[in-house]
Amino acid sequence: MGEAQLVLPDALLPVAAVANGDLWKIYEMVRRIERGHEESGETLEAAHDRLREATRSSLFDLREAMRRDLGVSALSEGADRPARRSQQ
């Protein structure tokens, strides 16, 4: 079976790149923790907190952009945006 190819509209690329970057940083942190090479302050709890923050920020932004691209009303019009914490 061949690799699946994903098609992403140009308008979503920058938003998806931010979300991907956030998730990649979290993944790398978890891998360092698993290998016993964590940096100062890196714990599974810290990784969980960063994942929760990504859900509130870049992943929320991506979901909203995807809904707009599909012609579905934006989340911010009908729902409260999750509270964001400052970037770490």
Side-chain angles (χ1 to χ4, degrees):
M1 181 185 273
E3 279 188 41
Q5 292 187 353
L6 301 176
V7 178
L8 191 65
D10 289 345
L12 296 178
L13 288 174
V15 183
V18 171
N20 185 62
D22 287 349
L23 293 175
W24 186 253
K25 289 175 189 173
I26 296 165
Y27 172 76
E28 287 295 316
M29 179 194 296
V30 170
R31 295 293 293 157
R32 284 191 299 273
I33 293 167
E34 287 179 341
R35 293 179 177 145
H37 299 288
E38 63 273 3
E39 296 175 2
S40 178
E42 289 186 337
T43 63
L44 289 178
E45 184 177 341
H48 185 260
D49 289 345
R50 288 184 70 174
L51 182 58
R52 187 179 308 121
E53 175 59 28
T55 301
R56 292 182 182 129
S57 57
S58 59
L59 293 174
F60 183 90
D61 291 344
L62 180 57
R63 182 177 179 204
E64 190 170 19
M66 291 169 69
R67 289 176 60 91
R68 272 195 304 271
D69 183 67
L70 292 172
V72 179
S73 62
L75 292 174
S76 60
E77 295 172 5
D80 291 334
R81 176 180 208 91
R84 291 185 184 197
R85 294 188 320 212
S86 62
Q87 290 289 72
Q88 298 175 3

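Any value given below was found using the heavy atoms of this structure, including those in side chains, with hydrogens, waters and symmetry copies removed.
Leu70 CG to Arg68 CZ: the interatomic distance, rounded to the nearest 0.5 Å, is 11.5 Å. Note: Leu51 CG to Asp22 CG = 10.0 Å, rounded to the nearest 0.5 Å. Taking CD from Glu64 and CG from Leu59, the interatomic distance works out to 13.0 Å, rounded to the nearest 0.5 Å. Here the straight-line distance linking atom CE of Met29 with atom CZ of Arg50 works out to 4.0 Å at 0.5 Å rounding.
Here Arg32 pairs with Glu39, Glu42 under the salt bridge (charged side-chain N to carboxylate O under 4.0 Å, His left out) rule; sequence neighbours left out.
Taking each heavy atom of Ala46 and Gly41 in turn, the nearest pair found is CB-O, 3.6 Å. Looking at every heavy atom in both residues, Ala19 comes nearest to Ser58 through CA-OG, 3.6 Å.
Chaining together hydrophobic side chains whose heavy atoms lie under 4.5 Å apart places Trp24 alongside Tyr27. Membership of an apolar cluster is not assigned to Val7, as no side-chain contact below 4.5 Å to another ILVMFWY residue is traced. Clustering of Ile, Leu, Val, Met, Phe, Trp and Tyr by side-chain heavy atoms under 4.5 Å joins Leu13 with Leu8, Leu12, Val15, Leu62, Met66.
In the displayed structure, Glu45 atom CD is contacted under 6.0 Å by at most 12 heavy atoms of other residues, nucleotides or ligands.
Sorted by first and then second residue, the ring pair (Phe, Tyr, Trp, His ring centres under 6.0 Å) pairs with a member in residues 30-51 form an empty list; sequence neighbours excluded.
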